[in-house]
Amino acid sequence: TQLLEQSPQFLSIQEGENLTVYCNSSSVFSSLQWYRQEPGEGPVLLVTVVTGGEVKKLKRLTFQFGDARKDSSLHITAAQPGDTGLYLCAGRTGGGNKLTFGTGTQLKVEL
Amino acid sequence: NAGVTQTPKFRILKIGQSMTLQCAQDMNHNYMYWYRQDPGMGLKLIYYSVGAGITDKGEVPNGYNVSRSTTEDFPLRLELAAPSQTSVYFCASKGQGGDLAKNIQYFGAGTRLSVL
């Protein structure tokens with residue numbers, strides 16, 4: 001069973017602070033996705049990274065895929081209350097059509 | 001513009017009761033998935049389907065059954081509900097193909113189930 005461990009599990013910060021969420025595994029993934037989930041809703045895809053070392057930016061969010069494609073990070077600059085939610089990483093192996101989801105990071109951004 | 005629709009949104013079951021969670025998608029996606037999510041945690045795959053008539057077990061299939069008679073529908077059946085099945089259940093679908101644009105899972109809003 002492939003495991004994706006996310007850290008931290010919980011994060012409560014003030015508006016304007018920066019933060020980084022980590023997603024780590026001992027397995028190699030062909031691609032890795034980050035989702036955000038708000039209360040009462042399903043996860044929504046933020047980004048997909050495919051190449052080792054790849055960096056993608058989505059406004060104030062920066063996503064990086066590790067060189068060995070075993071880990072990833074999500075960095076948020078100047079967090080806002082609208083960033084509050086559960087962040088999930090999910091890895092895809094080979095050509096498979098299944099995703100392995102991470103353990104989740106619950107982020108709360110307060111005014 | 002419905003996407004993935006799940007019903008019901010909430011349900012309370014007594015131990016030993018049975019129920020079916022409904023999932024329908026209108027995007028003509030081949031792949032459909034059922035996940036469960038415990039509070040503040042990630043998603044665990046219960047069952048998935050790569051097309052009508054084809055289903056396969058995921059990580060946590062015990063206590064559940066599925067069927068896929070049409071492309072649109074992928075119901076999840078709980079035969080003898082147990083407290084351990086208290087969770088939020090999400091259905092998702094995905095188009096076919098290996099390119100990034102098609103490797104996106106679209107999720108329903110979930111069914112919150114309590115077994116008491």
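We name chains A, B, ... by the order of the sequence lines, and we start the count at 1 in each one.
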Single-linkage hydrophobic cluster Val28(A)~Tyr22(A), side-chain heavy atoms < 4.5 angstrom = no
Chain A contact via Gln37(B) - side chain, backbone, both or neither, heavy atoms under 4.5 Å | side chain
Are Glu41(A) and Phe90(B) close enough that some pair of their side-chain heavy atoms sits under 4.5 Å apart?
-> no
Could you give the distance from CD1 (Ile104(B)) to OG1 (Thr48(A)), rounded to the nearest 0.5 Å?
-> 6.0 Å
Count the heavy atoms of every other residue, nucleotide or ligand shown that sit under 6.0 Å from CD1 of Ile12(B), and state whether that count exceeds 12.
-> no
Provide the closest heavy-atom pair for Phe101(A) versus Leu43(B) in the form atom of the first, atom of the second, distance.
-> CB-O, 3.5 Å
Taking C-beta and beyond as the side chain, do Lys94(B) and Leu99(A) meet within less than 4.5 Å on heavy atoms?
-> no
In terms of heavy-atom contacts, Met41(B) and Leu88(A) come closest through O-CD2, 4.3 Å
For the candidates Pro43(A), Gly40(A), Ala90(A), which exhibits the highest count of non-hydrogen atom pairs separated by less than 4.5 Å from chain B?
-> Pro43(A)
Examine Ile76(A) and Leu32(A) and state if one hydrophobic cluster contains both, with Ile, Leu, Val, Met, Phe, Trp and Tyr joined whenever side-chain heavy atoms are less than 4.5 Å apart.
-> yes
Check the hydrophobic clustering (I, L, V, M, F, W, Y; side-chain heavy atoms under 4.5 Å; chains of links allowed) and say if Val44(A) and Tyr33(B) are grouped together.
-> no
List the atom of Lys98(A), the atom of Tyr48(B), and the distance in Å for their closest heavy-atom pair.
-> CD-CE2, 3.3 Å
Tell me, for Gln9(A) versus chain B, whether the close heavy atoms (under 4.5 Å) come from the side chain, the backbone, both or neither.
-> side chain
More than 12 heavy atoms from other groups under 6.0 Å of CZ on Arg112(B) = no
Atom group of Tyr35(A) that falls short of 4.5 Å from chain B, counting heavy atoms | side chain
With hydrophobic residues grouped by side-chain heavy-atom distances under 4.5 Å, do Val55(A) and Leu19(A) end up in a single group?
-> no
Any chain of hydrophobic side-chain contacts (each under 4.5 Å) joining Phe63(A) to Val21(A)?
-> yes
Can you find a pair of side-chain heavy atoms, one from Tyr106(B) and one from Leu45(A), that are under 4.5 Å apart?
-> no
Check whether any side-chain heavy atom of Gln33(A) sits under 4.5 Å from a side-chain heavy atom of Gln105(B), and report yes or no.
-> no
